[in-house]
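Here's the structure we're looking at; comments come further down.
Worth knowing before you read on, the calculation uses all heavy atoms, side chains too, and leaves out hydrogens, waters and symmetry mates. All ligand and atom numbering here is 1-based and tracks the order in the structure. Residues take their numbers from the sequence shown, with the count starting at 1.
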Amino acid sequence: MDFGLPAELADFKASVESFAKERLAAGALQRAHQPDYPRDVAREMAGMGLLGLTIPENKGGQSGSLLAAIIAIQAVATACPRSADVVQAGNFGPIRTFAEYASDEQRERYLPGLLAGEMVIGLGMTEPEAGSAVTDLTTTATPVDGGFVINGTKVFSTHSAEAAVFLVYVRFGPGVGGIGSMLVERGSKGLEVGTPSEFMNGEHWCQLYFDDCFVPESQVLLGEGGFKKQISGFNVERLGNSARSIALGRYAFDEAVAHANQRHQFGRPLAEFQGLQWMFAEAAVKLESAQLLLQRAVVTVDANGIPSAYDTAVAKFAANDAGYTAANVAVQAMGATGFSKESLVEYCFRRTRGWMIAGGSTEILKNRIAESVFNRRFDQRAPQR
Ligand SMILES: Cc1cc2nc3c(=O)[nH]c(=O)nc-3n(C[C@H](O)[C@H](O)[C@H](O)COP(=O)(O)OP(=O)(O)OC[C@H]3O[C@@H](n4cnc5c(N)ncnc54)[C@H](O)[C@@H]3O)c2cc1C
């Protein structure tokens, strides 16, 4: 078995790394502390063909592999961790579910702007009372003449401070079967985007209030019964999240290795203290094994390019754990220097922490893995008396 990349992908990786070093490295620290979506980077990446890699050619993309998109995320992050979010937004986020299931009309309306890096799409899934238990969502889409009115509230949506359009999970009817999704444009009458709040990782998010928000029928992405497809698309998003976890953990790890070689205490380089060596060794094992699990998940996809739920859960759990562990080790090994905002290491630490919650928390992933281990479903709801 060959664990190396095929020549074509190795060349692609080298070219993205060299683009990132040349064009993105200089502004990396400033970008990390800026909550705004880096549109200049998005436009440049669009020009390089790094957006829409995973979208089929007949749907406006480039029919590239998920592996290529993972490589792009990780190659960009070697120079600018924040810019890896642009590769995510252009390949793995709600854009992927959108491109997969959009009508021709919907695709023509939004995809060119998204792939040009001119606009970004947000995902409105989580609600104040429906987080991990996403199927408890109560945002309703009620049929009216010519379309639907939406009522409800969404929280924590990435890019909500600037998204031009939202892919919103709604309830057309009762139960899991009643869930589907609609595309709602920012500025729609009845949609209020609240004032931005800030996550610990520096990202801004706005509460989305839908108050009798009319949306025409043509904006339905997936009608009743769409939930399963939405979650399959979401598995792709999870892999982008996994790739960034490993990439930012790796970034912090590499910085800390360089620091430990150069910094002397007690007359010796930090690298010579075994207490630190073992921390680095354990983080290295986690990063390497998570990378292999991620690569397995992205190459073992179905005919539509969708990875399996099990492979995704295993890869995301390992990646979230590895990225966070590596960044945490890096902060510790660099002492106050790693804890300072002048270093990108503390940024990687805060970002990797968030991915243990976002996109399916590590506990929810373990629940999913346990179901495969025991080959049965474990209902998380309290038994009915
Ligand atoms: C950085 C970031 C970006 C995000 N981006 C988006 C976005 O773009 N769009 C969007 O809709 N949402 C987004 N979210 C929200 C995210 O999907 C939710 O935070 C997540 O689903 C968890 O929901 P919750 O925060 O309500 O926590 P809760 O569901 O209240 O969970 C709290 C804790 O309890 C644990 N828990 C819950 N149920 C179980 C169980 N059955 N077994 C074991 N443990 C359990 C959880 O793992 C967690 O540790 C984002 C969140 C973060 C942090």
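The protein heavy-atom contact nearest to atom 39 (C) of ligand 1 is Ile364 CD1, 3.8 Å. Closest to atom 24 (P) of ligand 1, if we only count protein heavy atoms, is Gly131 CA, 4.1 Å. Atom 43 (C) of ligand 1 has Glu363 CB, 3.7 Å as its closest protein atom, hydrogens excluded (heavy atom only). Of the protein's heavy atoms, Phe156 O, 3.2 Å lies nearest to atom 13 (C) of ligand 1. Taking atom 29 (O) of ligand 1 as the reference point, the nearest protein heavy-atom neighbour is Ser132 OG, 2.7 Å. What sits closest to atom 19 (O) of ligand 1 on the protein, heavy atoms only, is Ile357 CG2, 3.6 Å. Closest to atom 3 (C) of ligand 1, if we only count protein heavy atoms, is Thr158 OG1, 3.5 Å.
Distances below 4.0 Å separate heavy atoms of Ser361 from the following atoms of ligand 1: 46 (C), 47 (O). Per-residue contacts place Leu123 under 4.0 angstrom from the following atoms of ligand 1 (heavy atoms of the residue considered): 7 (C), 8 (O), 9 (N), 10 (C), 11 (O). Residue Gln380 approaches ligand 1 through these ligand atoms, each under 4.0 Å from one of its heavy atoms: 40 (C), 41 (N), 42 (N).
Residues satisfying the ring pair (Phe, Tyr, Trp, His ring centres under 6.0 Å) criterion with Phe253, sequence neighbours excluded, are Phe280.
Between the CE atom of Met334 and the CZ atom of Phe349 there is a distance of 14.0 Å, given to the nearest 0.5 Å.
Note on Asp104 versus Arg107: salt bridge recorded, some NZ/NE/NH1/NH2 to OD/OE distance being below 4.0 Å. Using a 4.0 Å cut-off between charged side-chain N and carboxylate O, Arg351 and Glu203 make a salt bridge.
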Return a table of donor-acceptor pairs under 3.5 angstrom between the side chains of residues 214-229 and protein atoms on other chains or two or more places apart.
from: Gln219; atom 1: NE2; to: Tyr110; atom 2: OH; distance (Å): 2.7
from: Gln219; atom 1: NE2; to: Leu183; atom 2: O; distance (Å): 3.3

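Looking at Arg250 and Gln74, their side chains never come closer than 4.5 Å, going by heavy atoms from C-beta outward.
Neither the backbone nor the side chain of Trp205 comes within contact range of ligand 1; no heavy atom lies under 4.0 Å. Residue contacts with ligand 1, taken as heavy atom pairs separated by less than 4.0 Å, involve Asn367 solely via side-chain atoms from C-beta onward. If you look at Asn201 next to ligand 1, the close heavy atoms, those under 4.0 Å, all belong to the side chain.
Under the 6.0 Å cut-off for aromatic ring centres, Phe172 and Phe148 qualify, their centroids lying closer than that.
Using a 4.0 Å cutoff on heavy atoms, Glu203 counts as a contact of ligand 1.
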